[in-house]
Every structure is written in structure tokens, then in C-alpha cells.
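Structure record follows, encoded as C-alpha cells.
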Amino acid sequence: WKFPKPLNYSTMKFSMLAIAAAALSAGVNGFAVNQVPAARTFAVRQSTMLKATEVETDKMAALATAANEARGLAMDSIAAAHSGHMGLPLGAAEIGASLYGSQMTYNAKDPQWMNRDRFILSAGHGSMFLYSWLNLAGFDLPMEEVKNFRQHHSMTPGHPEFPNSEHNTPGIECTTGPLGQGVANAVGFAVSEKMAAAKYNTEEHTIFDHHIYALAGDGCFQEGVSAEAAAFAAHEKLDNLIVLYDANEVTLDKMAEYTQSEDILKRYESYGWEVYDIDGHDLAVVEETIAAAKASDNGKPKFIKCNTIIGKGMEETEGTNAAHGEAGVPYVDAAKKNIGLPDGEKWYVSEGTRDFFGDVQAKNEAVYNEWQATYKAWSEANPDMAKELEAAIADEVMSAEEMIAAIPELESGAEATRVSGYKAIQEISKLVPNYISGSADLHGSTRNYIDGGGNFGAGFDKSYEGKNLYFGIREHAMGSILNGIAYHGIFKASGSTFLVFVDYFRPTVRVAGLAELNRVSWILTHDSIGVGEDGPTHQPVETVSGLRVFPNVDVYRPGDAEETVAAFVSSVTRKEGPTALIFSRQNMDQNDALPAAERRAGALKGAYIAKKETEDLDTIVIATGSEVQHALKAAADKPGVRVVSMPCMEAYERQSDEYKEEVLPSSCTKRVAMEAGVSGLWYKYASKVVGVDRFGFSAPGDTVMSELGMTAENLSSVLESLS
């Protein structure tokens with residue numbers, strides 16, 4: 001069904017409220033002549049009702065005005081930039097008015113308040129929606145920045161960006177743009193809030209009880225990641241999550257009916273969500289529905305289908321796919337006049353709207369101040385928990401060097417680095433109390449289960465305090481949920497699967513690097529053709545290099561147990577971005593000729609001398625992961641050969657020029673690199689690479705390795721051929 005365009009829902013609603021107020025007023029005056037006790041009581045009640053109705057009428061009128069002024073801000077900024085997406089800011093304005101003007105709890109003066117409600121714009125292309133409301137709500141986003149939309153160094157980039165080294169826009173909770181990600185991120189936020197409430201709330205004091213809101217469009221729900229995350233959210237009963245669907249029945253190329261015919265309400269209901277179907281332009285209904293969703297603690301996440309008109313208010317494009325982008329720019333002035341904004345005024349905000357949001361801020365500050373008193377009492381009663389929580393929010397952990405020293409030497413024999421990782425993660429969990437981990441149905445293989453940590457979720461043996469998450473076979477959702485947990489700003493989270501399946505959630509790795517989410521890491525096992533019998537579908541050859549090319553992502557592929565400890569330590573102490581931990585399925589030798597402390601310290605720097613030459617330096621062999629053992633064996637009888645273990649290219653590149661020259665002296669140009677993967681990236685460091693530039697095959701792992709040249713004998717032959 002479609003809305004008839006001429007129908008003005010807000011005007012119709014306000015006229016009815018005005019009639020009701022007038023009727024109540026007449027009723028009260030009628031009782032003034034003959035005052036009897038019963039009548040007097042009724043008159044007082046009617047008077048109270050009148051005042052409440054008047055207040056509600058004023059509020060609804062103010063919200064309607066703010067909605068239209070937010071539309072105006074979006075139109076003016078997009079017109080000035082000649083770039084952007086008008087459809088959502090205009091079509092969802094009433095939703096924004098209700099959220100920022102009434103339903104959400106936040107403090108614009110303290111945008112990092114830990115118990116604020118979170119809002120995620122999953123449909124990030126509609127970013128002017130968010131910037132308009134942040135400005136109106138009083139966040140530190142000046143009008144000059146709103147005017148500077150999509151310009152270099154502005155606080156209003158084309159898609160919302162989580163505060164990072166490039167942008168710091170208060171009120172942005174999440175980097176969004178790739179459709180569907182925000183919905184799944186919101187599930188991660190909801191996980192983190194549930195976990196924080198379970199871990200830190202006490203019978204006497206509640207310090208976490210906020211809600212997570214996400215606004216999404218058709219594209220978000222067509223992308224599969226939102227479906228994966230929705231199933232997880234319902235299964236774990238995340239009733240603190242409210243997703244609003246901007247259902248305008250339009251996609252970029254065509255009307256939505258051209259590519260979709262599902263009943264999305266039945267789909268979400270079948271997942272286990274509580275669903276609503278409303279007119280997204282009827283402010284009263286939007287208000288009532290969001291309030292009801294907030295109040296419903298029934299174990300079901302909430303899905304509100306808000307039927308809207310894309311580009312509402314711009315007659316030339318509204319309701320069509322032309323409203324998506326900047327096609328409406330030529331009609332901006334007429335559209336603003338059409339919705340009642342002053343003719344010719346750009347970026348207009350009335351004094352009434354500023355006053356209204358001043359009152360909203362005052363109301364929110366009262367809640368904030370009350371919470372601060374509760375938090376003070378809680379922290380005095382629970383000083384250890386308070387210290388732990390405050391450190392978690394500030395992302396304070398011991399230094400990498402201190403953590404390395406605090407973890408006992410593993411003293412392992414030949415073992416897979418996934419097994420070494422299992423040992424290391426137990427120590428990490430003790431030293432970093434806010435560290436949690438999960439798996440896409442592979443705990444038994446990836447070995448990242450935290451012993452004694454409990455399992456997160458609802459039902460069975462699970463609780464919301466559990467440190468181990470079971471994502472099911474939902475890698476893409478896992479990646480997005482991990483990012484959401486990181487955005488929420490309390491826990492450090494890792495997730496695991498086989499390395500070859502990282503491509504299922506590769507988009508989330510990219511966004512984590514872009515958003516500098518240092519609280520995220522990935523544990524990726526079964527790292528090479530050494531997987532063996534499962535064959536080439538499960539033998540990654542291109543995947544490690546594919547991760548290394550992401551800016552701001554550290555990729556560690558350790559060569560033994562002590563390097564594995566260093567890799568884990570780096571993943572929880574690094575501040576600049578996320579880390580991928582690449583572990584083997586097959587056993588590997590330990591480089592016991594070098595003390596554990598030296599291997600750990602060297603691995604933290606990304607590369608180090610694993611075996612020093614005993615004569616004049618002639619050749620350097622650079623290896624990583626399971627190939628370090630082969631390099632050490634091949635060089636054992638070659639006194640002029642140095643072996644460099646390079647578990648992390650990115651960490652090595654951050655070292656001083658002096659250190660890099662010490663490890664890889666420029667005077668030695670005869671260099672060979674070895675890795676059981678594609679060779680391309682290694683030519684930065686070596687003139688000859690022993691790699692695997694083809695897919696593998698099904699056979700025992702040792703056979704595959706041998707056939708494809710990943711042996712000490714083959715490397716030794718290569719070295720001899722260079723002499």
C-alpha cells in the first residue's frame with residue numbers, strides 16, 4: 001500500500017488534539033457555577049488532564065516543527081555540497097524528532113556517558129539525518145560544520161564515522177555505510193549492554209539500563225548480514241534492542257517491489273522479534289510505539305516497520321527512487337517553502353526549536369545527574385568493580401612489556417599455534433578482565449574457549465555475564481557484532497573461525513581498520529595448505545596476504561608458542577587498530593635455541609633475528625608462521641645465513657629505521673622469503689620468494705606441504721642455488 005501524498009498526518013493529529021483540549025476546557029468551566037464535592041473533584045481531574053493535554057499538544061507541535069527544520073538542514077547541506085542523499089533525512093524526520101526530542105536518554109554535554117542510549121544509523125548514506133539531529137539536540141556539532149557537509153576535514157563526512165584520528169564528531173556511535181552492517185553492529189551494542197548490566201549492576205544499584213536504537217532501510221534488510229544478526233539477537237533474547245525500519249518501498253534502481261516480495265514482519269516475528277507496523281509520519285503513533293517498545297522487557301528484540309514516504313516534502317521527487325540522491329537539489333527552495341520554512345533562509349532553525357531542545361537537555365541532565373548519584377553510591381559500595389569498569393572504559397591495560405612478563409613461559413614441545421593460543425588466551429583473560437571471546441561454531445577447533453568464563457546468552461547453561469559467545473555458523477554477523485561490542489566501549493572482543501572463512505566477514509575487518517577499533521581481534525586457525533585432507537576449499541593461500549593489505553590492521557602469524565603469546569599481548573595492548581591472529585592446525589617446532597623472552601620481545605616488534613649468522617653475513621632468510629622452523633633447519637649448517645622471523649609485517653614497519661636496519665641491513669641484498677601462501681607481498685623484503693602461488697589439493701598436510709615446496713630441504717636447495 002502507498003500513502004496518499006496530499007494527506008498530512010501531523011496536521012490532522014494536531015487538529016484533533018486542539019479540539020480535545022477545547023472540549024475539556026469547556027467542561028471545566030461548566031463546573032464552576034455549582035461547586036459540589038464530587039463535581040469539584042472531577043473539575044480538578046479535568047483541569048489536570050487539560051494541562052497534560054496542552055503540554056502534550058505543545059510537545060507534538062514542537063516535534064513536528066523540529067522535523068521540518070531538520071528536513072531543511074538536510075536539504076540545504078546536500079544542495080551546498082551538490083552531493084548526498086536526501087531521501088532518508090526527509091522521509092524519516094518524524095522518527096528523528098521522536099528519538100532525539102523525546103524517547104532517547106542522552107546528555108549532549110557528555111556524549112561519552114556510559115549509560116546513554118545509543119543510536120546507530122545503519123543506512124549511513126542518509127548521514128545528514130544524523131548531523132541535523134545532533135546539531136538540534138545540542139551536541140558539539142556547530143552549524144558551520146553542518147554547512148560544511150562532505151568537505152575536506154569537516155566533522156560531517158559523507159557517511160558517519162566513529163571518532164578516530166581523521167574525524168571526531170560527538171554523538172556518532174558507529175561507522176556505517178555498507179548496508180546491513182549497522183543493524184548487526186546494533187546487536188553487538190545490545191550484547192555489550194546486557195553483559196555490562198549483568199556484570200556490574202547490583203541489587204542496590206542499577207548503572208546500566210539503556211537501549212540500543214538502529215534506523216535502517218530496505219537495503220539493510222536485503223543484505224544477509226542483518227538476517228544472521230537478527231536470528232542471533234532473538235535467540236539470545238536481546239530485548240534492549242529496537243530496530244526501526246524506514247519502509248519507504250524504494251531502492252536506488254527501482255521501486256522495492258521489483259526485487260523483494262517477502263513479508264518482513266512475518267520474517268522477523270518468526271525469528272522471535274516483537275514486531276510493529278506503523279505510519280512513520282504520525283508523530284503520536286511513532287511516540288507511542290517507541291515508548292511501548294522501550295517498556296517491553298519480554299525477552300524479544302523490537303522491530304518497528306515505519307511506513308514512510310522517501311523524500312517527503314519535496315513533491316518533485318518524493319516517493320520515487322530519484323529521492324535517494326541529490327536529484328532534488330534544484331527543488332530545495334520550493335520544497336522548504338512548501339513545508340513552512342521561511343522563504344530564502346538557509347539552514348534555518350527557529351528559536352522555538354532551540355528552546356524546546358534546551359528543555360530536552362534539561363530533562364536529560366536531570367536523569368543524568370540522578371544516575372551520577374547512583375553511580376557514586378555504587379562505586380563507593382563496590383570499589384574494586386568501579387576500578388575495573390573505569391579502566392575498561394578508559395581502555396587501560398598494563399603495557400605490553402608488563403603483560404609479557406606476567407605470562408609464564410609456555411615451555412611447549414612441538415605443537416600447533418592454535419594450541420599455544422588456547423594456553424595464551426587463558427592468561428590474557430586473567431590479565432584483562434574485560435576480555436571476551438566467541439566462535440562461529442568452531443570452539444573445538446579454534447581453541448579460543450576461556451575456561452571458567454561461562455557462556456553468554458539466554459537459556460541452557462548461558463547467562464549474560466558469560467565471556468564465551470556462541471555465534472552459530474554466522475561469520476558475517478560475528479564480525480559485525482564484534483565491531484558493535486567494540487564501539488560500545490567496555491569490552492575487548494575476539495571471534496574465531498577457520499582462516500579461509502574470514503572472507504565471509506571481510507567487510508567487517510575493513511570497517512574495523514577504518515574505525516581504528518583496537519578492542520577487536522580475530523582468531524583465525526587452520527592457516528595454510530597444511531590443513532591437508534580437507535582440500536583446497538579449506539586451504540587458504542591468498543588469505544593472509546589479503547588481510548595484510550588492509551590499512552591499520554595488524555596481521556600476526558606466529559612461528560611458535562612464545563611468538564603466539566606476544567601476538568595475543570599485542571592484540572589487547574595495541575591502541576591504533578584491530579589485530580588478526582593467524583594460527584596453525586599442524587604442530588610446529590619451538591625455536592628453543594633462543595630464550596622465550598627474546599622471542600616474545602622480537603615478535604612484539606614484528607620481526608627479529610631468530611638465528612644470527614656466525615660468519616660474515618651473506619644471505620638473509622625471512623620466514624613467518626610454520627615456515628620459520630624450515631628456515632632454521634635450512635640455515636643450521638650455513639654460517640653466513642641469518643634467519644629473521646617476521647610474524648607481523650605491520651608491527652615491523654612501525655619500528656625505527658635503526659631497528660629495521662639492524663634486522664634487515666640494506667648491505668645484504670641476497671634475501672629469500674618463505675611462506676606457505678602467495679608470494680607477492682614478500683618481494684618488498686626479498687628478491688627470491690619460496691611461496692605457494694596456486695591452490696592446494698586434498699592429501700595429508702605433510703604431503704601437500706612437501707609437494708608444494710614448503711620444506712627445509714627445498715629451501716636449502718634454493719639457498720644453495722644462490723651461492
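We use all heavy atoms of the structure for the numbers below, so side chains are in, but hydrogens, waters and symmetry mates are not.
Checked against Ser571 for a side-chain contact (heavy atoms from CB on, under 4.5 Å), the options Asp554, Leu581, Ile428, Val520 give a single hit: Leu581.
Residues meeting the salt bridge (charged side-chain N to carboxylate O under 4.0 Å, His left out) test with Lys254, sequence neighbours left out: none. For the side chain to side chain donor-acceptor pair (under 3.5 Å) test, residues two or more places apart in sequence or in another chain that qualify with Tyr435 are Ser494. With sequence neighbours excluded, no residue forms a ring pair (Phe, Tyr, Trp, His ring centres under 6.0 Å) with Phe149. Applying the ring pair (Phe, Tyr, Trp, His ring centres under 6.0 Å) test to Tyr449 and every residue at least two apart in sequence or in another chain returns His443. Residues that satisfy the ring pair (Phe, Tyr, Trp, His ring centres under 6.0 Å) test with Tyr422, not counting sequence neighbours, are absent from this structure.
Ile485 contributes atom CD1, which lies 13.0 Å from atom NZ of Lys492 (distance to the nearest 0.5 angstrom). Residue Thr251 holds its OG1 atom at 6.5 Å from CD of Gln222, rounded to the nearest 0.5 Å. Taken to the nearest 0.5 Å, the OG atom of Ser102 stands 5.5 Å off from the NZ atom of Lys363.
Annotation: Tyr470 is not in aromatic contact with Phe456 [ring centroid separation under 6.0 Å not met].
With hydrogens and angles disregarded, a donor-acceptor distance shorter than 3.5 Å links the side chain of Thr320 to the backbone of Ala322. Judged by distance alone, with hydrogens and angles left aside, the side-chain atoms of Asn307 form no donor-acceptor pair with the main-chain N or O of Asp279 at under 3.5 Å. Panel note: side chain Glu236, backbone Ala458; a donor-acceptor pair is recorded below 3.5 Å. Looking at Thr508, its side chain does come within 3.5 Å of a backbone N or O of Phe505 through a donor-acceptor pair. Looking at Arg510, its side chain never comes within 3.5 Å of a backbone N or O of Phe550 through a donor-acceptor pair. In terms of modelled atom types and a separation under 3.5 Å, the side chain of Glu161 and the main chain of His167 share no donor-acceptor contact. No donor-acceptor pair under 3.5 Å is formed between the side chain of Lys300 and the backbone N or O of Glu274.
With 3.5 Å as the limit, one finds a donor-acceptor pair spanning the side chains of Asp246 and Thr308. Counting only N and O atoms by type, the side chains of Asn518 and Glu576 include no donor and acceptor under 3.5 Å apart. Between Ser496 and Thr446, the side chains place a donor N or O and an acceptor N or O closer than 3.5 Å (distance only, hydrogens not considered). A donor-acceptor contact closer than 3.5 angstrom is absent between the side chains of His210 and Asp117. For the residue pair Tyr271/Glu269, the side-chain donor-acceptor check at 3.5 Å is not satisfied. A donor-acceptor pair shorter than 3.5 Å can be found between the side chains of Asn115 and Asp209. Side-chain polar atoms of Lys467 and Ser429 form a donor-acceptor pair below 3.5 angstrom. In this model, no donor atom of one side chain and acceptor atom of the other lie less than 3.5 Å apart for Asp253 and Asn321. Counting only N and O atoms by type, the side chains of Ser437 and Asn448 include a donor and acceptor under 3.5 Å apart. Donor-acceptor pairing under 3.5 Å is recorded for the side chains of Glu388 and Tyr200.
Atom NZ of Lys266 has 12 or fewer heavy atoms from other residues, nucleotides or ligands within 6.0 Å.
Taking the six-membered ring for Trp and thresholds of 30 and 60 degrees, His85 and His125 have ring planes more than 60 degrees apart, a perpendicular arrangement. Ring geometry for Tyr375 against Trp371 counts as parallel: the plane angle stays under 30°, on a 0 to 90° scale with 60° as the upper cut. Ring-plane geometry between Phe162 and Tyr487 is classed as perpendicular, the angle between the planes exceeding 60 degrees on a 0 to 90 degree scale with a lower cut at 30. Aromatic ring orientation, Tyr245 versus Phe303: tilted (interplanar angle from 30° to 60°).
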#### Entry: side chain to side chain contact (heavy atoms under 4.5 Å, CB included) assessment of Tyr504 paired with Thr497
CA-CA 10 Å; Tyr504 276 131; Thr497 186; over 6 Å; no
### Task
Take Ile436 and Leu469 through the test side chain to side chain contact (heavy atoms under 4.5 Å, CB included) and record every step on the way to the result.
CA-CA 8 Å; Ile436 62 176; Leu469 291 94; 3.9 Å; yes
### Task
Let me see the working for Asp534 and Gln539 under side chain to side chain donor-acceptor pair (under 3.5 Å), right down to the final yes or no.
CA-CA 8 Å; Asp534 279 337; Gln539 296 170 0; over 6 Å; no
### Task
Check the pair His538, Phe501 against ring pair (Phe, Tyr, Trp, His ring centres under 6.0 Å), reporting the backbone distance first and the verdict last.
CA-CA 8 Å; His538 285 55; Phe501 297 139; 5.2 Å; yes
### Task
Check the pair Trp113, Tyr106 against ring pair (Phe, Tyr, Trp, His ring centres under 6.0 Å), reporting the backbone distance first and the verdict last.
CA-CA 8 Å; Trp113 173 34; Tyr106 58 90; 9.1 Å; no
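Residues Ala137 and Tyr100 approach most closely at CB-CD2, 4.1 Å, considering heavy atoms. Across all their heavy atoms, Val286 and Ser98 have their closest contact at CG1-CB, 3.7 Å.
Salt bridge annotation for Glu262-Arg267: present, with a cationic side-chain nitrogen under 4.0 angstrom from a carboxylate oxygen.
A side chain to side chain donor-acceptor pair (under 3.5 Å) check over residues 171-191, counting only residues at least two apart or in different chains, returns the pairs Arg116-Glu173, Gln181-His476, Gln181-Ser480.
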